Amino acid sequence: MVVETTVSTPLGPAACENDAKKLEFIEEMTANTDKVQEKVLAEILSQNAETEYLQRYKLGGAKDRDAFKAKLPVVTYEDLQPEIQRIANGDRSAILSAHPISEFLTSSGTSAGERKLMPTIQEELDRRQLLYSLLMPVMNIYVPGLDKGKGLYFLFVKAETKTPGGLTARPVLTSYYKSDHFKRRPFDPYNVYTSPTAAILCADSFQSMYSQMLCGLLQRHDVLRVGAVFASGLLRAIRFLQLHWRDLSTDIATGTLSPRITDPSVRAAVADLLRPDPALAQYITSECSTDSWAGIITRIWPNTKYLDVIVTGAMAQYIPTLEYYSGGLPMACTMYASSECYFGLNLKPMCTPSEVSYTIMPNMAYFEFLPHEPCSTGLNIPKLVDLADVELGKEYELVITTYAGLYRYRVGDILRVTGFHNRAPQFRFIRRKNVLLSIESDKTDEAELQAAVERASALLRPYGASVVEYTSQADTRAIPGHYVIYWELLVREEGRWPEGEVLERCCLEMEEAMNTVYRQSRLADGSIGPLEIRVVKAGTFEELMDYAISRGASINQYKVPRCVSFPPVIELLDSRVVSAHFSPACPKWAPTRS
Ligand code: AMP
């Protein structure tokens with residue numbers, strides 16, 4: 001018998017030898033933040049010295065920060081689009097990276113309505129895997145015994161496409177789940193999932209969710225943690241259970257899998273677990289048929305110690321609903337990552353959501369920080385600060401230089417320094433720049449909303465009607481959440497009030513105008529509900545202004561907020577609604593890029 005003794009580390013007691021090594025690695029990286037950063041930059045610059053991009057800026061083989069900062073511009077995705085387009089079209093020369101581009105990762109951030117394409121290289125998979133491997137050793141410090149059971153995680157792959165030059169383009173998690181790193185992962189008692197890999201890899205979202213839920217129910221006593229990547233994903237799973245518990249119970253009672261699951265590899269994987277279990281079916285039926293679903297997670301999975309979901313940033317809106325369904329279980333936000341690069345992890349994963357800070361791991365990329373001045377005109381870009389030099393309490397925009405060939409790239413995330421672990425700063429995620437509305441991974445900005453309103457309001461013209469003012473709200477009280485757009489209409493004397501059917505068409509027209517991530521979430525994933533237009537009484541937006549002024553806003557500078565979340569403002573708007581209309585169909589979406 002192997003008896004594991006706990007090893008003490010500065011982060012806390014390691015659960016096993018392997019954990020101790022991982023925790024020591026975190027200590028080493030964070031204690032030497034600046035040195036590691038210097039080395040990472042030198043590696044990136046020497047590896048890519050011969051690339052067209054670095055040659056263009058005449059770095060002349062220099063590997064030091066001074067030359068790098070003096071010669072290379074800070075860029076956005078739009079600046080890099082010509083290079084990215086050439087790679088997508090099949091140019092295999094060393095444009096951004098000396099290593100061959102293995103695929104594109106499609107970000108949920110969009111540019112001109114399409115997902116941004118992030119070039120990546122094979123070795124980045126190892127770097128991502130390395131960050132994943134640090135998560136459980138940290139969690140094991142706080143939650144003992146996670147090797148005695150399983151994790152119920154709802155994980156999904158999404159559609160992938162080929163670029164004109166033949167490279168695969170897909171979301172970073174789809175790439176990871178389809179990689180050998182995930183598919184052929186060695187057994188690790190701390191990372192055992194209830195979902196069979198075949199169910200996770202099934203591209204049909206209904207079959208994938210159904211089989212993952214069924215396997216989670218069948219192993220309900222083994223489940224020690226329940227999770228999804230983002231809070232919205234876990235709530236979708238709860239909603240799925242609300243809609244399908246009868247079919248799931250029947251399958252469990254009879255020991256036969258629903259014919260709606262047609263994927264042979266999923267059927268085979270579920271068959272390994274499924275036996276007739278009338279008592280379990282009866283239990284699920286009695287729990288799911290009660291009126292109140294409060295605490296349903298712990299009623300069905302009684303040994304759950306915590307929820308593993310990101311509830312920071314745009315996901316914070318789901319905290320109350322998750323608390324309701326879980327009876328107040330802790331919510332662990334373990335990592336902070338993006339398609340461009342994985343950034344870091346939360347060293348205190350059991351803290352409350354409002355306290356979450358992420359420690360950026362200095363080995364992942366070279367990080368710089370643009371001091372964030374909310375009122376800056378954008379004309380004078382302030383000097384960028386290094387990872388080791390950020391100041392406590394200040395806010396910055398994250399700028400990255402990656403092994404895959406992004407140089408001084410603005411990610412668009414605003415972070416605040418909340419403390420340090422050794423020499424590594426820790427950051428609270430404040431927000432993503434320019435995001436007005438978000439239900440799950442969709443990010444709609446003000447310009448997109450404006451364009452959508454303009455396009456839809458054209459349908460009112462034949463009626464002599466127009467939209468005089470509008471605002472919006474991400475309504476997440478029901479799952480899936482949906483966009484609500486408040487419209488105040490003006491109908492000219494010779495015009496007439498548009499019928500409900502016209503306003504429904506306006507809803508759909510707005511959805512057609514939204515970016516691809518929104519339309520995919522509506523059509524393929526069903527993770528966003530139909531867009532709603534609430535028509536408010538004439539004069540409502542004036543009342544809104546009066547309200548803002550009564551709370552101290554300046555009359556001269558008042559602008560109609562294009563998105564509202566403050567409950568009294570929503571109440572005011574809702575009390576003036578004269579009619580509400582929903583999109584009657586899903587907008588068009590196809591995996592191919594337009
Ligand atoms: P994507 O480009 O689709 O991979 O999305 C990456 C973005 O998701 C990041 O730049 C953040 O804006 C957001 N994000 C990722 N992880 C977190 C987190 N832990 N908390 C808040 N936002 C996050």
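Indexing begins at 1, ligand by ligand and atom by atom, following the structure's order. Throughout, numbering of the chain's residues begins at 1 and tracks the sequence. Keep in mind it's a predicted model, so treat the numbers as computed, not measured.
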remark   = Within 4.0 Å of some non-hydrogen atom of M335, the atoms of ligand 1 are 19 (N)
remark   = Note: ligand 1 atoms sitting under 4.0 Å from heavy atoms of I310 are 18 (C), 19 (N), 20 (N)
inquiry  = Around atom CZ of R423, are there more than 12 heavy atoms from other residues, nucleotides or ligands closer than 6.0 Å?
reply    = no
ask   = When you check the side-chain N and O atoms of E448 and N515, is any donor under 3.5 Å from an acceptor?
value = yes
note = The closest protein heavy-atom partner of atom 12 (O) of ligand 1 is D413 OD1, 2.8 Å
query = Which residue holds the protein heavy atom closest to atom 17 (C) of ligand 1, what is that atom called, and what is the gap in Å?
reply = Y336 CD1, 3.7 Å
query = Hey, are K394 and E391 close enough for a salt bridge, meaning a charged N less than 4.0 Å from a carboxylate O?
reply = yes
Distance from atom 2 (O) of ligand 1 to nearest protein heavy atom, with residue and atom = S107 OG, 2.9 Å
Exercise answer: donor-acceptor pairs, residues 151-161 side-chain atoms, under 3.5 Å, sequence neighbours excluded:
unit_1	atom_1	unit_2	atom_2	d
Y153	OH	R225	NH1	2.7
Y153	OH	D308	OD2	2.5
K158	NZ	D525	OD2	2.9
E160	OE1	R170	NH1	3.2
E160	OE1	K178	NZ	2.9

message = Using a 4.0 Å cutoff against the non-hydrogen atoms of Y358, which atoms of ligand 1 qualify?
response = 18 (C), 19 (N), 20 (N)
ask   = Can you name the side-chain hydrogen bond (donor to acceptor under 3.5 Å, both in side chains) partners of E368, sequence neighbours left out?
value = K69, R408
query = Between Y366 and F68, what is the ring plane arrangement, given parallel below 30°, perpendicular above 60°, and tilted in between?
reply = perpendicular
task = Counting heavy atoms only, name the option from Y342, F429, F343, F230 that's nearest to atom 22 (N) of ligand 1.
result = F429
E511 bridged to R522 by N-O distance under 4.0 Å = yes
inquiry  = Please confirm whether V172 approaches ligand 1 to less than 4.0 Å, judged on its heavy atoms.
reply    = no
query = Which protein non-hydrogen atom lies closest to atom 3 (O) of ligand 1, naming both residue and atom, and how far is it?
reply = S108 OG, 2.5 Å
task = Heavy-atom contacts with R432 under 4.0 Å: which atoms of ligand 1 show up? List them by number with element.
result = 7 (C), 9 (C), 10 (O), 12 (O)
request  = Can you pull out the closest protein heavy atom to atom 21 (C) of ligand 1? Residue, atom name and distance to 0.1 Å, please.
outcome  = T312 OG1, 3.4 Å
inquiry  = Please verify the inter-ring angle class for Y336 with F343; under 30° counts as parallel, over 60° as perpendicular, anything in between as tilted.
reply    = tilted
query = Hey, are Q47 and H99 close enough side-chain-wise for a donor-acceptor pair under 3.5 Å?
reply = yes
Heavy-atom nearest neighbour in the protein, as seen from atom 6 (C) of ligand 1, with distance rounded to 0.1 Å = S338 CB, 3.5 Å
query = Quick one: nearest non-hydrogen protein atom to atom 1 (P) of ligand 1, plus distance?
reply = S339 OG, 3.3 Å
inquiry  = Could you identify the single nearest non-hydrogen protein atom to atom 15 (C) of ligand 1 and state the distance to 0.1 Å?
reply    = A337 O, 3.0 Å
